[in-house]
**Q** 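Right, I'll just put the structure down here and ask away after.
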Amino acid sequence: MSLESAALARVKPSATMAADAKARELKAQGRDIISLAAGEPDFDTPDNIKDAAIRAIRDGKTKYTNVDGIPELKAAICAKFARENGLAYKPGQINVSPGGKPVIWNAMIATLNPGDEVVIPAPYWVSYPDMVALAGGTPRAIMTEAPSFKVRPEQLEAAITPRTRWLILNSPSNPSGAAYTKAELRALADVLLKHPQVWILTDDMYEHLVFGDFAFFTIAQVEPALYERTLTMNGVSKAYAMTGWRIGYAGGPEPLIKAMAKVESQTTSNPCSISQWAAVEALSGPQDFIKPNARKFEERRDLVVSMLNQARGIRCPTPEGAFYVYPSVEGLIGKKAPSGKVIGSDEDFAVELLEAEGVSVVFGAAFGLSPFFRISYATSNANLEEACSRIQRFCASLG
Ligand SMILES: *Cc1c(COP(=O)(O)O)cnc(C)c1O
């Protein structure tokens with residue numbers, strides 16, 4: 001008999017975490033490795049947020065809390081949704097979980113029955129299809145195309161069946177950086193209005209990382225008629241460099257929020273009390289570092305896009321947001337690496353690049369769309385310049 005349940009056997013470990021772990025391991029062996037695999041900001045959590053956590057510890061805020069979040073944090077989240085997204089949620093419509101990832105998991109395990117389908121545009125964040133499968137549902141990918149990597153309304157229409165329970169939208173996207181304009185969301189909303197059985201989970205983790213004059217919108221704001229079946233998910237991990245603190249949240253219809261709290265009550269209980277107080281400060285304190293920070297990421301995007309497009313055989317679209325690019329390696333398939341191996345896939349490309357030049361990236365198959373790879377540019381300009389030069393050298397060396 002297999003140790004793993006049938007549901008777990010359908011799931012793969014996170015490829016991004018595996019790539020990052022491999023890079024750390026090689027580094028520990030003394031190899032000169034630049035990892036562009038990790039999906040987290042490279043700046044430190046701001047001091048005002050750290051201070052709030054230290055205060056919480058000193059004040060004894062170290063016990064169990066409400067299962068799905070302290071009232072102070074729910075109030076801060078309601079204020080955030082009103083201020084930044086024009087969305088009116090009451091505290092009873094807010095879920096707080098130990099990270100954005102658990103918010104999604106709680107929503108899926110709370111609602112999916114075997115045979116229920118979840119539509120997920122590819123390339124997608126690695127965890128969506130696996131969480132859906134683990135919760136007993138069936139992921140249905142929609143293949144988008146470079147350079148936009150955005151799902152078109154007719155593709156969405158074609159993917160919806162009577163069994164479709166959810167659509168998962170992620171804008172700006174991890175891994176492509178693509179972000180939907182208001183008009184593009186409007187067009188998707190028109191399709192969704194025709195299918196009342198479909199709920200929408202919108203993952204807005206990167207809302208503050210948009211570039212140029214791009215204006216961020218979330219779908220419940222664009223089409224208020226979808227508010228009653230939309231879970232608007234967000235978190236402090238990326239915007240405030242708080243990945244290790246584990247706080248994610250969502251606003252949605254009260255019955256769904258209640259169901260998610262029921263899951264938490266029997267599994268994780270509350271998110272870390274200290275982190276919740278830190279998140280209150282993150283959402284309510286000074287926000288002035290967010291814009292300059294986005295500008296820094298925009299500079300890095302421009303650097304990486306320009307250097308990658310100078311590499312032989314690579315085509316790199318210019319994304320609207322997040323801190324990722326998703327270049328194509330189509331032009332390198334069939335070429336021979338220095339090791340003698342022929343590059344037959346994006347996975348081969350990533351393996352040979354790490355071997356030959358010590359640059360760690362994540363291959364596109366992990367995100368459901370090949371032949372591409374993902375670079376996280378949340379690292380210093382010096383690191384990025386060095387890594388991109390190595391990629392250029394690697395591509396030039398392919399025979
Ligand atoms: C990082 C990330 C999350 C969640 O992060 P947590 O660390 O669990 O808060 C969710 N969605 C996307 C697309 C992400 O990149």
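Numbers for residues simply follow the sequence, beginning at 1.
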**Q** So that I know where these two stand, are Phe349 and Phe373 an aromatic pair - ring centroids less than 6.0 Å apart?
**A** yes
**Q** Can the ring centres of Tyr89 and Phe81 be said to be less than 6.0 Å apart?
**A** yes
**Q** Is the backbone of Ala52 close enough, under 3.5 Å, to the side chain of Glu281 for a donor and an acceptor to pair up by distance?
**A** no
**Q** Answer yes or no: is there a donor N or O on one side and an acceptor on the other, between the side chain of Tyr326 and the main chain of Gly364, under 3.5 Å?
**A** yes
**Q** side-chain hydrogen bond (donor to acceptor under 3.5 Å, both in side chains) with Asp130: which residues, sequence neighbours excluded?
**A** Lys12
**Q** Report, as yes or no, whether the 6.0 Å neighbourhood of atom CD on Gln310 holds more than 12 heavy atoms from other residues, nucleotides or ligands.
**A** yes
**Q** Could you list the cluster mates of Val119? Members are the ILVMFWY residues connected by side-chain heavy atoms closer than 4.5 Å, either directly or through other members.
**A** Ile142, Val151, Leu156, Ile160, Leu167, Leu169, Tyr180, Leu185, Leu188, Val191, Leu192, Leu193, Val198, Ile200, Phe217, Ile219, Val222, Leu226
**Q** Ring centres under 6.0 Å, that's the criterion: do Phe323 and Tyr206 meet it?
**A** yes
**Q** Are the charged groups of Glu25 and Arg31 less than 4.0 angstrom apart, N to O?
**A** no
**Q** Can you give me the closest heavy-atom contact between Phe214 and Ala179, atom names plus distance?
**A** CZ-CB, 3.5 Å
**Q** Using ring centroids (six-membered ring only for Trp), state whether Phe149 and Phe372 fall under 6.0 Å.
**A** yes
**Q** Mark yes or no for whether Gln155, through its side chain, and Met143, through its backbone, hold a donor-acceptor pair below 3.5 Å.
**A** yes
**Q** Does any part of the side chain of Arg186, heavy atoms only, come nearer than 4.5 Å to the side chain of Glu223, both counted from C-beta?
**A** yes
**Q** Could you tell me whether the side chain of Glu352 reaches within less than 4.5 Å of the side chain of Lys341, counting heavy atoms only?
**A** yes
